[in-house]
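Structure first, then comments.
Excluded from the calculations below are hydrogen atoms, water molecules and symmetry mates; all remaining heavy atoms, backbone and side chain alike, are included.
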Amino acid sequence: MYNNACAYCGIPSWLIGADGFEIDHFICESSFPDSADGRNEAGRIENLVYACRMCNRGKGKFLIPEECRTLLMPDDNSISQVFFREDDYYIKINEKYINNHIILDFYNRLHLGSELKRLDYLLIKLRSLIRVVKEDEKNKIPDENIICSKLLECYLELLDKRNLEFHSLARDCMQL
């Protein structure tokens with residue numbers, strides 16, 4: 001359903017590894033009764049979301065009010081009407097929801113506007129471009145190996161920058 005990517009920010013498992021993912025309870029577990037029935041209700045498949053550790057931990061016990069649940073639900077792609085990628089690869093809040101304090105809190109808790117989420121998306125796009133250049137059999141690209149080599153250099157530099165940004169953001173989160 002989520003194409004091996006975080007349902008909230010879109011980072012794929014190939015970029016951070018499967019161990020960087022968790023199962024999120026869309027409606028947090030603590031909002032259900034502390035009983036067998038409550039745990040069963042919290043664990044229903046409709047309430048479980050594949051999320052990267054950063055989004056899951058950032059969301060934490062944030063209770064999404066009833067009126068925002070359908071907006072933020074990733075299962076039916078409603079969330080893509082609330083958040084979108086800008087041309088500069090940042091995740092932004094749709095103008096229609098910019099003054100909604102619940103949406104803004106969700107956005108901030110998951111660090112959706114962070115440089116890290118931007119770098120993740122740039123790496124995804126760059127990897128796709130490398131594949132296109134390498135696999136384009138019809139239109140033999142002059143100097144294909146040189147182009148791929150340069151793109152790979154850029155990819156590795158961005159990956160290093162991404163990892164530094166991740167550790168910086170993780171440190172900041174631990175201090176809160």
Side-chain angles (χ1 to χ4, degrees), residues 1-86 89-125 127-128 159 162-163 165-176:
M1 174 173 276
Y2 305 116
N3 297 316
N4 292 315
C6 176
Y8 300 119
C9 72
I11 189 171
S13 59
W14 59 259
L15 186 55
I16 61 170
D19 60 338
F21 285 84
E22 300 174 335
I23 302 300
D24 175 48
H25 289 80
F26 182 68
I27 301 169
C28 62
E29 289 178 281
S30 61
S31 66
F32 291 92
D34 188 20
S35 65
D37 286 344
R39 285 186 293 283
N40 286 339
E41 188 67 23
R44 292 187 61 192
I45 194 74
E46 299 85 18
N47 192 43
L48 303 179
V49 175
Y50 190 63
C52 70
R53 183 175 292 120
M54 180 172 279
C55 284
N56 188 33
R57 303 285 169 93
K59 184 172 157 280
K61 295 182 184 216
F62 179 65
L63 180 58
I64 300 170
E66 194 84 36
E67 66 271 13
C68 290
R69 288 181 187 165
T70 54
L71 289 173
L72 296 173
M73 175 49 79
D75 286 356
D76 64 0
N77 214 22
S78 296
I79 196 169
S80 68
Q81 303 304 308
V82 178
F83 306 114
F84 66 97
R85 289 276 178 185
E86 191 66 53
Y89 299 125
Y90 280 107
I91 298 173
K92 302 284 182 151
I93 302 173
N94 183 316
E95 201 172 288
K96 181 178 178 181
Y97 303 105
I98 200 78
N99 294 318
N100 182 315
H101 71 280
I102 301 298
I103 300 293
L104 189 58
D105 195 14
F106 183 88
Y107 178 83
N108 290 329
R109 285 173 177 264
L110 277 65
H111 307 283
L112 295 178
S114 71
E115 181 73 9
L116 179 67
K117 301 300 182 180
R118 178 182 188 226
L119 288 169
D120 290 342
Y121 195 69
L122 185 54
L123 285 163
I124 293 165
K125 291 298 193 183
R127 182 180 188 228
S128 294
L159 190 57
R162 184 242 180 248
N163 290 336
E165 189 69 28
F166 171 77
H167 293 296
S168 173
L169 189 57
R171 264 193 314 278
D172 291 349
C173 289
M174 292 171 95
Q175 292 174 358
L176 295 179

**OP:** Go through the structure and list residues passing salt bridge (charged side-chain N to carboxylate O under 4.0 Å, His left out) with Asp34, not counting sequence neighbours.
**Re:** Arg39
**OP:** Taking all non-hydrogen atoms of both residues into account, name the closest pair between Leu72 and Phe26 and its distance.
**Re:** O-CE1, 3.4 Å
Original post:
In chain order, what residues pass the salt bridge (charged side-chain N to carboxylate O under 4.0 Å, His left out) check against Glu67, with sequence neighbours excluded?
Top reply: none
**OP:** Give the intermediate values and the outcome of side-chain contact (heavy atoms from CB on, under 4.5 Å) for residues Ile103 and Val82.
**Re:** CA-CA 8 Å; Ile103 300 293; Val82 178; 3.5 Å; yes
Subject >> Ile124 side chain near Pro12 side chain, heavy-atom distance below 4.5 Å >> reply: yes
Original post:
OG/Ser168 to CG/Leu116 distance, rounded to the nearest 0.5 angstrom?
Top reply: 9.5 Å
**OP:** Among residues two or more places apart or on two chains, list those pairs meeting side-chain hydrogen bond (donor to acceptor under 3.5 Å, both in side chains) that have a residue in residues 6-31.
**Re:** Tyr8-Asp24, Glu22-Arg53, Glu22-Asn56, Glu22-Arg57, Asp24-Lys59
Subject >> Nearest heavy atoms of Asn100 and Cys68, plus distance in Å >> reply: ND2-SG, 3.9 Å
Original post:
Who pairs with Asp76 by side chain to side chain contact (heavy atoms under 4.5 Å, CB included), at least two apart in sequence or on another chain?
Top reply: Met73, Ser78
Subject >> ring-ring contact (aromatic ring centres under 6.0 Å, His included) partners of Tyr50, counting only residues at least two apart >> reply: Phe21
Original post:
Hey, mind stepping through Glu165 and Leu119 against side-chain contact (heavy atoms from CB on, under 4.5 Å) and telling me if it holds?
Top reply: CA-CA 9 Å; Glu165 189 69 28; Leu119 288 169; 4.2 Å; yes
**OP:** Could you check if a side-chain atom of Tyr97 sits within less than 4.5 angstrom of a side-chain atom of Leu71, using non-hydrogen atoms only?
**Re:** yes
Original post:
If you look at every heavy atom in Leu159 and Leu123, which pair is closest and at what distance?
Top reply: N-CD2, 3.8 Å
Original post:
Which value, rounded to the nearest 0.5 Å, describes the distance between Phe166 atom CZ and Arg162 atom CZ?
Top reply: 6.5 Å
**OP:** Compare all side-chain heavy atoms of Leu15 with those of Asp120 and state whether any distance is below 4.5 angstrom.
**Re:** yes
Subject >> Pair listing, salt bridge (Lys or Arg N to Asp or Glu O under 4.0 Å) test, anchored in residues 91-106, at least two apart >> reply: Asp105-Arg109
Original post:
Roughly how far, to the nearest 0.5 Å, is CZ of Phe84 from CG of Asn94?
Top reply: 6.5 Å
Original post:
How would you list, by chain and number, every residue that makes a side-chain hydrogen bond (donor to acceptor under 3.5 Å, both in side chains) with Asn40, sequence neighbours excluded?
Top reply: none
Original post:
Tell me the ring-ring contact (aromatic ring centres under 6.0 Å, His included) pairs involving residues 27-48, sequence neighbours left out?
Top reply: none
Original post:
Which heavy atom in Cys9 sits nearest to a heavy atom in Cys52, and how many Å separate them?
Top reply: SG-SG, 3.8 Å
Subject >> Working for side-chain contact (heavy atoms from CB on, under 4.5 Å), residues Ile98 and Ile93 >> reply: CA-CA 6 Å; Ile98 200 78; Ile93 302 173; 3.8 Å; yes
**OP:** Please identify each residue that fulfils salt bridge (charged side-chain N to carboxylate O under 4.0 Å, His left out) with Glu66, with sequence neighbours left out.
**Re:** Arg69
**OP:** Tell me, please, which residues at least two apart from Arg127 pass salt bridge (charged side-chain N to carboxylate O under 4.0 Å, His left out).
**Re:** none
**OP:** Please list, chain by chain and in numerical order, all residues satisfying side-chain hydrogen bond (donor to acceptor under 3.5 Å, both in side chains) with Tyr90, sequence neighbours excluded.
**Re:** Glu115
Original post:
What's the verdict on side-chain contact (heavy atoms from CB on, under 4.5 Å) for Leu122 and Lys117, showing C-alpha distance, side-chain angles and the deciding distance?
Top reply: CA-CA 9 Å; Leu122 185 54; Lys117 301 300 182 180; over 6 Å; no
**OP:** List the atom of Asn47, the atom of Ala42, and the distance in Å for their closest heavy-atom pair.
**Re:** ND2-O, 2.9 Å
Original post:
CZ of Phe62 to CD1 of Ile64: how many Å apart, nearest 0.5 Å?
Top reply: 6.0 Å
Subject >> Closest non-hydrogen atom pair, Ala7 against Ile79 >> reply: O-CG2, 4.4 Å
Subject >> Ser128: side chain to side chain contact (heavy atoms under 4.5 Å, CB included) partners, not counting sequence neighbours >> reply: none
